[in-house]
Amino acid sequence: GKTTVFELSTGFLVPKSGSVTLSGSNPRDLIANAPGLVGIVPQRPHLATGTLAENVSLIDHSATDLAKVTQCLERSGLGRFVSMDLSSLSMKISPDAGQLSGGEIQRLGLARALYRDPKILFLDEATSALDAETEALITRVLDSLKSEITIVLIAHRLSTVMNADRIIYMDKGKGLGQGTFSELKASIPDFARAVDLMDLGE
């Protein structure tokens, strides 16, 4: 149900009945009429044939703001690519070459979304391929963005959403409750059980 909500909210799916709106607008219309306003990080971001910088900006290398690319890579936990010099931004990327790990591709997807300075950022299981250390790094990045961007984070790992202002807990396509992490732990037994199993007690 989580990914279905993501696809409805971002206009990838059209509801058969009822309606979905973002800030009072149809998601497809909002994305088409205000490019960059909504950032989307899918579960499996696609790589494009081109340079690393072009894979962040999705525009021709000559028109890419390399300083901004560097900032976005660093904020997404990919600072190693620019820690030595900027020549790595010209590194050629091929979708099938296996140059990046699954976690690096997910972080590249986040850098790509941040490059457009979105006001609403959707992430669909965007930390699922990350180790615990990198997930903690990305969580810190997202926490730092909360005052600038509305972040909608769809996640299976409870550790990813511990600091969310509001959590909607879903099971089998139904919303079973919403609130803060501690409120859901106190009110939903299944949620509390999952917290205990993952040793996430506050």
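- Salt bridge annotation for Arg80-Glu104: present, with a cationic side-chain nitrogen under 4.0 angstrom from a carboxylate oxygen.
- Between Ile93 and Thr49 there is no side-chain heavy-atom pair separated by less than 4.5 Å.
- Side chains of Arg112 and Asn55 form a contact here, defined as non-hydrogen atoms less than 4.5 Å apart.
- Proximity of Leu114 to Ser76: side-chain heavy atoms (C-beta onward) are separated by under 4.5 Å at one or more points.
- With contacts defined as side-chain heavy-atom distances shorter than 4.5 Å, the pair Leu47/Leu108 qualifies.
- Donor-acceptor pairing under 3.5 Å is lacking for the side chains of Ser25 and Ser23.
- When all heavy atoms are compared, the tightest approach of Thr64 to Ser57 is OG1-OG, 2.7 Å.
- Heavy-atom neighbours of Lys119 NZ from other residues, nucleotides or ligands within 6.0 Å: at or below the threshold of 12.
- Comment: Arg193 does not engage Asp196 in a salt bridge, judged by the lack of any side-chain N to carboxylate O separation of less than 4.0 angstrom.
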Run the side chain to side chain contact (heavy atoms under 4.5 Å, CB included) check on Arg28 and Val14 step by step: do they pass?
-> CA-CA 9 Å; Arg28 290 189 175 187; Val14 177; 3.5 Å; yes
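- Salt-bridge check for Asp124 with Arg44: failed, with every basic side-chain N at 4.0 Å or more from each acidic carboxylate O.
- Residues Arg116 and Val56 come closest through the heavy atom pair NH1-O, 3.4 Å.
- For the pair Thr21 and Asn26, the minimum side-chain heavy-atom distance is 4.5 Å or more.
- Annotation for Leu22: hydrophobic cluster partners, listed by chain and number, are Phe6, Phe12, Leu30, Ile31, Leu37, Val38, Ile40, Ile120, Phe122, Val152, Ile154 (ILVMFWY side-chain heavy atoms under 4.5 Å, direct or chained).
- With a 4.5 Å cut-off on side-chain heavy atoms, Asp165 and Lys146 count as touching.
- Side-chain contact check for Leu142 versus Asn163: every heavy-atom pair is 4.5 Å or farther apart.
- Using a 4.5 Å cut-off on side-chain heavy atoms (C-beta onward), Leu58 and Tyr115 make no contact.
- With hydrogens and angles left out, the side-chain atoms of Ser94 and Asp96 include no donor and acceptor closer than 3.5 Å.
- Partners of Asp143 by salt bridge (charged side-chain N to carboxylate O under 4.0 Å, His left out), not counting sequence neighbours: none found.
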